[in-house]
Amino acid sequence: MKLLHSSPDVAVIGAGPVGCVTALTYAQQGAKVLLLEAYSQNVKCFAGEWLHPPGVQILQQVGIDLNLKRITYPCGKGFVIFPEDGTTPIQLDYPDGEVGLSCEHSTILGILREAAASHDNIQLLCDTKVTRIDGQKITFEQRNQGVTHTALVNTIVGADGRASTARKILGIPNQSIPISFMAGILLKDVELPFEGFGHVVLGSVGPVLMYRVGAELVRVCLDVPRYFSRDPATLWKAYNSVIPKTLQPAFKQALSRDEVAWAVNLFCSRVQYGRTGLALVGDATGYFHPITATGMTIGFLDSDCLVRSQRFEDYQQERTFRTYVPELLAITLYEVFTKQDESATALRHAIYRLWRSDPMECRHTMQLLSGRETKLLSFSRSFLKGVLLAMAEVVQNNVRQQKWLQIVRDLVSFNQWLYIPIKLALLRAKKLLKIYFNNSKITTKILDIYSITQNEQPRN
Ligand SMILES: Cc1cc2nc3c(=O)[nH]c(=O)nc-3n(C[C@H](O)[C@H](O)[C@H](O)COP(=O)(O)OP(=O)(O)OC[C@H]3O[C@@H](n4cnc5c(N)ncnc54)[C@H](O)[C@@H]3O)c2cc1C
């Protein structure tokens with residue numbers, strides 16, 4: 001048993017995947033790290049299981065090669081999209097031979113916690129809940145021993161997930177918006193149509209995501225609309241037709257035994273990064289629908305950026321810029337895959353056509369998806385190409401059927417695809433104005449005007 005650091009340089013709240021990577025990155029730089037986790041060592045929960053190549057790379061930087069350790073099965077090659085109309089599946093490979101990986105969340109977490117616990121510079125305390133932060137003084141309760149400690153630490157990092165205590169202490173209101181539920185089902189001894197790939201299957205009440213998480217285990221994630229029944233028989237009726245035939249018996253059996261893990265999919269824009277001396281990373285900064293499977297990869301990139309940054313402001317600025325596109329991509333893809341109106345259907349078909357006809361577009365999509373490419377211009381170019389193709393299709397269909405008035409109505413319905421990017425861009429612009437001008441008189445004025453246009457209370 002290691003002795004408790006008498007004066008740690010860094011305290012990390014939460015030993016989830018991002019907290020562990022943050023602790024390991026600081027420890028690698030020679031810092032003494034206190035890593036505090038509210039719950040016990042062994043957890044089994046349904047959360048992130050797919051890592052994109054940049055996430056795998058960050059793990060390698062902190063000395064963890066999951067591929068060498070536990071992954072003995074094909075995974076992490078890219079994604080295959082199964083269109084709702086039953087046409088040929090579309091294969092999207094990671095470019096330049098890069099690979100990601102997929103395994104059970106508990107496996108990733110177990111390996112990361114093991115690495116943190118065995119590092120000489122890290123003190124990992126489980127069953128230890130952070131209850132207060134006053135300036136740089138942190139208070140935590142060791143629940144198994146019934147004792148409360150305080151420590152003075154130069155750098156505190158809130159890596160405590162969606163219900164972050166650090167966020168609450170910073171006075172950031174809970175702004176999460178429910179999107180849908182995710183039903184997680186494990187299938188034993190089945191073969192996927194495209195082994196090594198994540199399968200995104202459309203055509204049911206919500207998208208279905210499937211990937212291998214073990215030599216004998218395949219994960220099926222059903223996106224279940226908020227007001228849809230959670231009864232296994234109803235789930236079977238709604239989703240069985242899109243599940244590949246070879247998986248259907250195991251899928252039916254798992255549902256009949258009610259072996260379903262549930263999670264709620266929430267959205268909270270990633271615009272809060274804390275303050276000097278108390279930075280937020282991972283889900284504590286914000287989160288979105290897991291359709292793009294990027295939560296952990298983005299969180300690891302937060303850790304890497306935080307430890308590299310000289311000042312808190314540099315970290316905040318870089319991550320505010322670099323997480324806009326991944327967030328936008330997750331929201332847009334989810335909307336395109338779930339909405340059924342004319343413009344969404346046309347947009348989906350336009351994207352399929354782009355992927356089928358242009359290998360450069362496939363490469364570009366995978367760079368955006370993996371978080372390698374985060375430039376807004378780059379995302380907008382592809383997205384607008386899709387929107388223009390979709391609009392052209394809608395016009396052609398209406399002209400063919402001589403529905404002249406419908407042309408205008410359908411074209412107007414495309415404005416919804418501009419609303420989300422603009423709303424998110426305004427949120428970030430507001431944050432960046434604050435960072436750049438540090439609440440000068442002119443910024444205060446601009447922010448007040450912004451608040452009024454967004455129906456918010458003007459700031460005092
Ligand atoms: C259904 C689902 C599927 C997903 N799929 C993917 C995927 O395939 N790929 C992907 O990259 N992402 C995915 N995600 C997102 C991913 O799970 C999260 O982004 C990731 O777990 C965030 O890690 P974190 O360490 O920031 O937070 P968490 O994993 O939430 O960890 C936070 C930790 O802090 C601890 N804690 C909280 N409060 C305190 C306190 N006061 N004191 C001490 N400790 C505290 C908690 O116990 C917890 O261990 C998915 C999410 C969901 C819901």
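Fair warning: this is a prediction, and the values are worked out from it, not measured in the lab. Both ligands and their constituent atoms are indexed starting at 1 by order of listing.
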(request) May I ask you to decide whether D134 forms a salt bridge with K137, counting only side-chain N to carboxylate O separations under 4.0 Å? (result) no

(message) Check this for me: does any side-chain nitrogen of one of D96 and R363 sit under 4.0 Å from a carboxylate oxygen of the other?
(response) yes

(message) Check the orientation of Y94 and F79. Use parallel for under 30°, tilted for 30 to 60°, and perpendicular for over 60°.
(response) perpendicular

(request) Heavy atoms only: give me the nearest P54-T297 pair and the separation to one decimal. (result) CB-CG2, 4.1 Å

(request) Write down the atom of C221, the atom of Y211, and the distance for their closest heavy-atom approach. (result) SG-OH, 3.6 Å

(request) For ligand 1, would you mind listing the residues that have at least one heavy atom less than 4.0 Å away, ordered by chain and number? (result) I13, G14, G16, P17, V18, G19, L36, E37, A38, Y39, F46, A47, G48, E49, W50, H105, R113, T128, K129, V130, A159, D160, G161, T165, M182, A263, G282, D283, P290, A293, T294, G295, M296, T297

(request) Determine which pairs satisfy ring-ring contact (aromatic ring centres under 6.0 Å, His included) with at least one residue from residues 262-284, sequence neighbours left out, and list them in order. (result) Y273-Y315

